[in-house]
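In what follows, a single structure is set out as structure tokens and then discussed.
When a residue number appears, it is its place in the shown sequence, counting from 1.
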Amino acid sequence: MNLSALFEQTHNLPNIPKVVQELIDTFNQEDVNVDAIAGKISLDPVLTAKVLRLANSAHYGVSRSISTTTDASVLLGFATLRTLVLASGITGAMKSPEGFDRKGFWRNNFAVAALAKWMATYTKVNTDMAFTCGMLHSIGELLIHILLPIESKKIAAAVLAGGKLHQVENSILGFNYGEVGAELATRWKFPDEIIEGIRTHCDPLSSDPVSPLGGLVHLAVFVQDAHINGSSDSEIIEKFPMDIATAIKMDTQQALEDLKQTEGIESGMDALLED
């Protein structure tokens with residue numbers, strides 16, 4: 001099977017709400033009518049309820065209660081509102097197959113997103129783009145589980161035996177989850193920078209030029225994995241992929257000095273995973 005054949009299964013592909021698609025389009029727009037967008041979000045009661053629950057969570061520390069999507073855009077800013085709606089809409093659209101750890105999957109993606117946003121401040125990469133790319137970086141993995149359940153079991157067994165996920169997928173499928181995620185992001189009309197970041201994050205140095213977002217997400221995944229494995233800051237610094245950090249022109253010295261800030265870093269999105 002090739003990538004095109006995979007995406008011919010259109011009846012199994014996730015459909016995002018129209019307003020989420022409109023918000024994705026705003027990444028490429030100079031002027032955005034924020035009030036009109038907020039009004040459209042409010043017409044979707046499920047999306048609105050999720051967004052307001054997130055907006056009123058302790059993570060955002062707003063001094064007064066947010067009761068409408070317009071309040072959210074004023075008090076949190078449009079970029080944050082867009083992030084909340086994208087997270088709400090996409091997690092809701094992506095159904096997970098039986099036996100798949102949905103909460104663990106999204107919790108990990110949200111953690112990578114928060115780390116990518118933090119790291120972006122040490123580069124010239126836009127922090128909202130970094131968060132979005134981090135949040136979506138492994139969405140192709142979930143889609144492979146949905147569309148190719150038999151192959152997914154073979155892939156999982158090979159990874160358990162010590163293989164790297166994207167390399168195992170290339171061997172078994174002829175493509176990897178980064179490429180699948182990039183194709184989905186293309187169909188959802190995300191900006192080219194985010195698409196390229198998703199596509200190349202597994203092996204950023206294999207593309208020329210190196211995608212700044214791809215490199216950033218790779219580094220965020222590295223730190224997140226290190227945290228999961230209980231690595232100390234000194235161990236993270238010792239093994240930090242300096243070649244990738246250099247390729248994306250990161251102020252690595254300062255970032256590594258500030259590394260303690262990443263411990264327990266929150267995305268503010270975990271409330272989406274509550275039943």
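- Sorted pairs that involve residues 18-71 and meet ring-ring contact (aromatic ring centres under 6.0 Å, His included), not counting sequence neighbours, are lacking altogether.
- Every ring-ring contact (aromatic ring centres under 6.0 Å, His included) that His145 has, sequence neighbours left out, goes to Phe100.
- Considering Leu47, Leu43, Thr48, Thr69 as possible partners of Val19, the one that fulfils the side chain to side chain contact (heavy atoms under 4.5 Å, CB included) test is Leu47.
- For Gln254, the CD atom is densely surrounded, since the number of other residues' heavy atoms within 6.0 Å is greater than 12.
- Residues Cys133 and Ile198 approach most closely at SG-N, 3.7 Å, considering heavy atoms.
- By the 4.5 Å side-chain criterion applied to Ile, Leu, Val, Met, Phe, Trp and Tyr, Val217 is assigned to a cluster that also includes Val112, Val221.
- Salt bridge annotation for Lys154-Glu151: absent, with no cationic side-chain nitrogen under 4.0 angstrom from a carboxylate oxygen.
- In this view, Phe110 and Trp106 satisfy the ring-ring contact (aromatic ring centres under 6.0 Å, His included) rule, not counting sequence neighbours.
- Within the 4.5 Å cutoff, no side-chain heavy atoms of Gln224 are placed close to those of Thr262.
- Under a 3.5 Å cut-off, the side chain of Thr121 and the backbone N or O of Lys117 do not form any donor-acceptor pair.
- Contact of the Ser267 side chain with the Phe131 side chain is registered, since non-hydrogen atoms from C-beta on lie closer than 4.5 Å.
- In this structure, Asn170 contributes its side chain and His166 its backbone to a donor-acceptor pair below 3.5 Å.
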Item to complete: Please test Thr132 against Met129 for side chain to side chain contact (heavy atoms under 4.5 Å, CB included), starting from the C-alpha separation and ending with a verdict.
Response: CA-CA 5 Å; Thr132 303; Met129 287 249 200; 5.8 Å; no

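- Listed by chain and number, the residues in a ring-ring contact (aromatic ring centres under 6.0 Å, His included) with Trp118 are Tyr122 (sequence neighbours excluded).
- Under the ring-ring contact (aromatic ring centres under 6.0 Å, His included) criterion, the residue pairs touching residues 194-249 are His137-His201, Tyr177-His201, Phe222-Phe240, with sequence neighbours excluded.
- Cluster annotation: Leu142 is connected to Leu165 through the hydrophobic network of ILVMFWY side chains, with a link wherever side-chain heavy atoms come within less than 4.5 Å.
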